Undergrad: 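Dumping the structure here so I can ask a few things about it.
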Number of protein chains: 2
Amino acid sequence: MDMTAPRRPNPAHGDCSKVSQILARVGDKWTVLVVMMLGGGPKRFNEIRRSIEGISQQMLTRTLRGLERDGMVTRTIYPTIPPQVEYELTPLGRSLLEPVMALGSWAQAHIPSIDAARAEFDRRKAG
Amino acid sequence: MDMTAPRRPNPAHGDCSKVSQILARVGDKWTVLVVMMLGGGPKRFNEIRRSIEGISQQMLTRTLRGLERDGMVTRTIYPTIPPQVEYELTPLGRSLLEPVMALGSWAQAHIPSIDAARAEFDRRKAG
DNA sequence: CGGCATCCTTGGAGATACTG
DNA sequence: CAGTATCTCCAAGGATGCCG
């Protein structure tokens with residue numbers, strides 16, 4: 001059997017590329033930080049920006065747009081002066097938090113092992 | 001003063017940068033695929049390569065080195081002719097599979113919602 | 001067969017400045 | 001305050017070739 005076929009619309013594999021997209025999003029430098037921040041309730045643009053050290057305004061905009069597009073976040077404009085925009089997690093966005101936190105916990109728990117492995121690996125390489 | 005050091009060694013935050021590294025690894029284009037492949041048991045280099053459509057030999061090498069460095073994978077050289085190298089998940093690597101699979105399942109389950117959200121978002125923007 | 005070194009292209013992060 | 005537009009720059013990743 002030839003496994004080289006580029007794309008298989010095999011239902012058993014669901015849509016593998018879609019899953020990859022989600023994983024990539026979780027691995028994104030800012031997305032998880034933003035989602036966790038919003039986990040505490042609705043936030044305004046600059047409120048988020050100030051709470052995430054090091055993020056540029058453009059990266060925050062892009063991150064929020066991506067999340068909005070995927071239905072993880074809602075964007076509400078209040079036509080006040082000055083303009084006010086509030087972001088809030090949707091149920092979908094909130095549900096993402098669970099597996100992500102699980103992964104985060106795993107990471108937390110295994111940091112020592114990983115650090116040890118790295119030190120060992122680097123030590124060998126250095127000789 | 002050097003600001004390149006991780007910001008706060010706050011135990012409550014664990015080591016946030018370390019956690020980010022793990023998340024980034026999971027979001028990596030190839031790492032998860034390789035780990036899942038090895039979840040089925042030890043595999044040889046080209047065996048892995050053939051089973052992952054589209055990966056270059058260099059990317060596979062880099063991915064495996066990274067995993068090896070982090071203690072997720074062991075590398076065993078059999079001094080045969082021609083040389084034979086086998087990769088296998090460590091217990092640590094296997095334990096990573098659990099939260100990753102959970103995230104994968106979440107992704108699978110919510111693909112329809114996400115697709116719908118995207119379509120809606122794009123429709124608005126275009127329309 | 002497995003792995004490294006080298007070169008090259010490109011996507012996208014990030015800074016800056018402008019608009020509504 | 002929130003968002004867009006433009007530019008620069010770098011590193012991720014692909015292709016190729018040689019070595020053990």
Side-chain angles (χ1 to χ4, degrees), chain A residues 4 6 17 20-21 23-34 37-38 42-70 73-88 121-122 124-127, chain B residues 3-4 17 20-34 37-38 42-70 73-88 121-122 124-126:
Chain A
T4 62
S17 65
S20 291
Q21 286 177 30
L23 293 179
R25 186 156 283 255
V26 168
D28 180 81
K29 189 175 178 182
W30 303 113
T31 297
V32 170
L33 287 173
V34 171
M37 195 57 51
L38 289 175
K43 296 272 185 301
R44 293 181 55 183
F45 186 89
N46 276 343
E47 202 175 351
I48 302 171
R49 188 180 176 190
R50 275 190 299 271
S51 65
I52 300 181
E53 199 56 30
I55 193 171
S56 71
Q57 147 263 60
Q58 193 178 59
M59 278 304 101
L60 180 53
T61 298
R62 287 184 192 175
T63 302
L64 287 167
R65 281 292 167 288
L67 287 170
E68 191 194 354
R69 178 167 184 262
D70 285 0
V73 158
T74 56
R75 177 169 175 265
T76 311
I77 307 176
Y78 297 98
T80 58
I81 309 266
Q84 184 169 340
V85 182
E86 214 170 63
Y87 293 90
E88 182 172 15
F121 184 90
D122 294 344
R124 281 198 204 176
K125 206 176 69 175
Chain B
M3 294 305 281
T4 60
S17 65
S20 291
Q21 286 177 31
I22 309 292
L23 292 179
R25 186 157 283 258
V26 168
D28 180 81
K29 190 175 177 182
W30 303 114
T31 297
V32 169
L33 287 173
V34 170
M37 195 55 54
L38 290 176
K43 297 272 185 301
R44 292 182 55 184
F45 186 88
N46 276 343
E47 201 175 351
I48 302 171
R49 188 181 177 189
R50 275 190 300 270
S51 65
I52 301 181
E53 198 56 29
I55 192 170
S56 68
Q57 148 263 58
Q58 193 180 57
M59 279 304 101
L60 181 53
T61 298
R62 286 183 192 175
T63 301
L64 288 167
R65 281 294 166 287
L67 287 171
E68 191 193 353
R69 178 168 184 262
D70 285 359
V73 158
T74 56
R75 177 168 174 265
T76 312
I77 307 175
Y78 297 98
T80 57
I81 307 272
Q84 184 169 343
V85 182
E86 214 169 64
Y87 293 90
E88 182 172 15
F121 183 90
D122 294 345
R124 280 198 205 175
K125 207 177 67 175

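Keep in mind that what you see is a predicted model, and the values were worked out from it rather than measured. Chain letters run A, B, ... following the sequence lines, proteins first and then strands; every chain starts at 1.
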Undergrad: Stepwise, does the side chain to side chain contact (heavy atoms under 4.5 Å, CB included) test hold for B:Arg65 with B:Arg75?
TA: CA-CA 9 Å; B:Arg65 281 294 166 287; B:Arg75 177 168 174 265; 3.4 Å; yes
Undergrad: Within the 4.5 Å heavy-atom criterion, are A:Lys29 and A:Ile55 side-chain neighbours or not?
TA: no
Undergrad: Just to be sure I understand the rule, does B:Arg75 reach a base, reach only the sugar-phosphate, or reach nothing, if contact means heavy atoms closer than 4.0 Å?
TA: sugar-phosphate
Undergrad: Would you mind classifying the nucleic acid contact of B:Tyr78 as base, sugar-phosphate or nothing, using non-hydrogen atoms under 4.0 angstrom?
TA: nothing
Undergrad: Measuring from A:Leu38:CG to A:Leu33:CG, what's the distance to the nearest 0.5 Å?
TA: 11.0 Å
Undergrad: Regarding A:Arg62 and A:Gln58, do their side chains bring together a donor and an acceptor under 3.5 Å, going by distance alone?
TA: yes
Undergrad: Which of these nucleotides, D:dG17, D:dA2, D:dG14, is closest to any side-chain atom of B:Gln57?
TA: D:dG17
Undergrad: Whole-Å distance between D:dG3 C1' and A:Phe45 CZ?
TA: 7 Å
Undergrad: Do A:Thr31 and A:Val26 have side-chain heavy atoms sitting under 4.5 Å apart?
TA: no
Undergrad: Residues of residues 61-68 of chain A with any non-hydrogen atom less than 4.0 angstrom from an atom of DNA chain D: list those, numerically ordered, please.
TA: A:Thr61, A:Arg65
Undergrad: With heavy atoms of chain A within less than 4.0 Å as the criterion, where does contact along DNA chain C begin and end?
TA: C:dA13 to C:dG20
Undergrad: Rounded to the nearest 0.5 Å, how far apart are CG of B:Leu23 and CG of B:Asp28?
TA: 12.5 Å
Undergrad: How long is the straight-line distance from CZ of B:Arg50 back to CE of B:Met37, given to the nearest 0.5 Å?
TA: 12.0 Å
Undergrad: Would you kindly give the CD1-to-P distance between B:Ile81 and D:dG20, to the nearest whole Å?
TA: 14 Å
Undergrad: Whole Å only: how far is the CG atom of A:Asp28 from the C1' atom of D:dA12?
TA: 15 Å
Undergrad: Compare all side-chain heavy atoms of B:Arg25 with those of B:Asp70 and state whether any distance is below 4.5 angstrom.
TA: yes
Undergrad: For the pair made of CD1 in A:Ile77 and C1' in D:dT4, what is the distance, rounded to whole Å?
TA: 14 Å
Undergrad: Taking donor-acceptor contacts at under 3.5 Å, does the side chain of B:Gln58 reach the base of D:dA15?
TA: yes
Undergrad: I need the B:Arg49 CZ to B:Gln57 CD distance, nearest 0.5 Å.
TA: 5.5 Å
Undergrad: Within this structure, what is the CE-to-P distance between A:Met59 and D:dA2, rounded to whole angstrom?
TA: 18 Å
